[in-house]
Amino acid sequence: MTSSYSLMIHGGAGALDNVRDQAIAVRYLESIRLVLEFGREILARGGTAVEAVESCASELEDNPLFNAGCGSVLNEDGQVEMDAGIMDGRDLAAGAVAGVSGIANPVQLARLIMDGSEHVLLCGEGARRYAEYCGVPITPDDYFRTPERIAQLEQAKVHRAIMLDHDESGEAQKYGTIGAVARDLNGNLAAATSTGGIVNKRLGRIGDSCIIGAGVYADNASGAISTTGYGEDFIRTALAKMAGDLIEYRGLDANGAVEFALKHFRRKIGGRGGLICIDHQGQCASAMTTKKMIHGWIEHGGASHCQF
Ligand code: ASP
C-alpha cells in the first residue's frame with residue numbers, strides 16, 4: 001500500500017460569470033466539498049479508485065445543480081440524451097454509454113458495461129437494453145425534464161444557439177458536466193465523466209465524455225483525466241489521452257501535463273474547456289481555456305480545496 005490517496009472532481013467548465021447569485025455559488029461549492037468528503041471516506045478505508053470515481057460521479061448525477069443524471073440539459077427535441085464513461089487504470093478496462101435516456105446514473109451503467117460485457121461503448125436503445133438485462137430500473141422522463149432545463153432550452157432556441165451549460169452567451173447557466181479522478185491507497189488510478197451534453201444539441205449528437213481518450217482516461221503508468229467543455233474540441237484533439245501520454249512518455253507531472261495539453265488545445269483549434277488530472281504519484285492539477293471551471297481536490301489525503 002502507498003501512504004496516501006488523491007481525489008479530484010469537477011462540475012463543469014464555462015464562464016460562470018452570470019452565476020451572480022452568491023447563494024447559488026455557495027451551493028455549488030458546498031456540493032463539491034461534500035462529494036469530496038464522501039469520496040475521501042471511500043479512499044481512506046481502502047476502497048478502490050474505481051469505486052471512488054463511480055460513487056462520486058453518481059452523487060453528482062443525483063444533484064440537479066449539475067448537467068448529468070437528473071440535471072441533464074435537453075437536446076433540440078427537448079429530450080435528455082446522456083453520455084458517460086469510466087476507466088480503470090490498472091488494466092485499461094473501460095465502459096461507456098452514449099445518447100442514453102431513462103437511466104438515473106449513466107456512470108453506473110458504464111461500470112456494468114466495463115465489468116460485465118465484452119464491449120466498451122453502448123449507445124441509445126442498446127445501452128438501455130443492456131441496463132434492463134442487468135436489472136437497472138428505467139427512470140421516467142419527468143425525473144430529468146426539470147423546469148430550469150426546459151427554460152434553458154427555450155432560451156437557446158431563441159438565440160438559435162447550441163451552448164455549453166455555462167456558456168458566456170446564455171443566461172440560465174447554472175449547471176455543469178461532472179467528472180471524478182482518483183488514486184487509491186494501492187496507487188491505482190481511475191477516471192469517470194458523465195454529462196447531458198450541450199444545450200440544444202442535435203438529436204443523436206455524442207460528446208467527448210463517453211469517448212475513451214477524449215473526455216475520460218486512466219492508466220496507472222500515467223494519470224487519470226476527466227475533461228469538460230465543448231466535446232467536439234476534445235474529441236478532435238484526443239486531449240485526455242494526450243495529457244496521459246505527456247506524463248508517461250515525456251516524464252511530466254500532472255501540472256506540466258495539463259499546462260502543455262491546454263496550450264496544444266488552444267493553439268491547434270482554439271479549444272474551449274478544461275481538464276482535471278491526477279498523475280501516478282498522486283499530484284493533482286487542473287487547467288482550462290474557459291474563464292472558470294468548478295472543481296475541487298484532495299491531494300495526498302490532505303485538506304479539501306474547492307474552486308469556482
Ligand atoms: N463535454 C460535454 C459535451 O460536450 C459538455 C460539458 O462538459 O459541459 O458533451
Side-chain angles (χ1 to χ4, degrees), residues 8-16 19 28 32 57 60-61 63-69 71-76 79-86 96-101 106-107 110 121 123-124 144 148-149 152-153 156 161-170 172-181 191-217 225-241 243 261-262 265 269 271-276 286-295 308:
M8 286 193 94
I9 58 177
H10 71 74
L16 301 164
V19 180
Y28 274 117
I32 295 287
L60 293 162
E61 286 175 340
N63 184 338
L65 273 179
F66 299 97
N67 171 19
S72 291
V73 300
L74 304 178
N75 69 13
E76 62 180 358
Q79 299 165 349
V80 162
E81 290 185 299
M82 298 168 286
D83 302 332
I86 190 165
V97 291
V100 75
S101 58
V107 72
L121 174 60
C123 76
F144 304 93
E148 286 96 341
R149 291 313 192 191
Q152 186 185 40
L153 175 65
I162 295 168
M163 59 194 200
L164 265 192
D165 187 30
H166 307 299
D167 218 334
E168 281 92 339
S169 56
Q173 300 143 0
K174 302 192 184 77
Y175 317 106
T177 283
I178 64 96
V181 295
T193 309
S194 180
T195 188
I198 52 179
V199 186
N200 199 22
K201 64 185 181 182
R202 285 186 190 278
L203 180 71
R205 178 265 188 189
I206 291 167
D208 60 319
S209 307
C210 59
I211 306 293
I212 305 304
V216 58
Y217 197 72
I225 297 110
S226 172
T227 71
T228 170
Y230 275 92
E232 285 72 6
D233 295 350
F234 289 97
I235 293 171
R236 290 165 66 205
T237 51
L239 208 78
K241 176 70 161 65
L262 254 277
F265 188 56
I269 60 166
R272 297 150 294 176
L275 74 166
I276 57 172
S286 61
M288 70 221 78
T289 63
T290 44
K291 284 189 192 155
K292 293 183 182 170
M293 176 172 69
I294 304 166
H295 65 292
F308 186 90

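In what follows, residues are counted from 1 in the order of the sequence shown. Atoms within a ligand are numbered from 1 in the order they appear, just like the ligands themselves. None of the values given here were measured: they were computed from a predicted structure.
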4.0 Å heavy-atom contact, Arg205 with ligand 1: yes
Ligand 1 and Gly231, any nitrogen or oxygen pair closer than 3.5 angstrom? yes
Asn75/Glu81 under side chain to side chain donor-acceptor pair (under 3.5 Å): CA gap, chis, key distance, verdict: CA-CA 7 Å; Asn75 69 13; Glu81 290 185 299; 3.0 Å; yes
Near Thr228, which atoms of ligand 1 are under 4.0 Å from a heavy atom of that residue? 6 (C), 7 (O), 8 (O)
Is Thr289 reaching over with its side chain to a backbone N or O of Gly271, donor-acceptor style, under 3.5 angstrom? yes
Please report whether ligand 1 has a polar contact with Asp83, defined as an N or O pair separated by less than 3.5 Å (distance criterion only). no
Do Gln152 side-chain atoms and Val199 backbone N/O form a donor-acceptor pair below 3.5 Å? no
Quick check: Glu232 and ligand 1, any N/O pair under 3.5 Å apart? no
Polar contacts were defined as any N/O atom of the residue lying under 3.5 Å from an N/O atom of the ligand; does this apply to Asn67 and ligand 1? no
With rounding to the nearest 0.5 Å, note down the distance linking OG1 in Thr193 to CZ in Phe234. 10.0 Å
For ligand 1, which atoms, with element, lie under 4.0 Å from some heavy atom of Gly197? 5 (C), 9 (O)
Are Gly215 and ligand 1 in contact, using a heavy-atom cut-off of under 4.0 Å? no
Per the side chain to side chain contact (heavy atoms under 4.5 Å, CB included) rule, which among Leu275, Ile276, Thr177 passes with Thr227? Leu275
So is there a nitrogen or oxygen of Gly207 less than 3.5 Å from a nitrogen or oxygen in ligand 1? no
Keeping the roles fixed (side chain from Glu76, backbone from Leu203), state whether a donor-acceptor pair exists under 3.5 Å. yes
Return the OG to CE distance between Ser226 and Met8, rounded to the nearest 0.5 Å. 10.0 Å
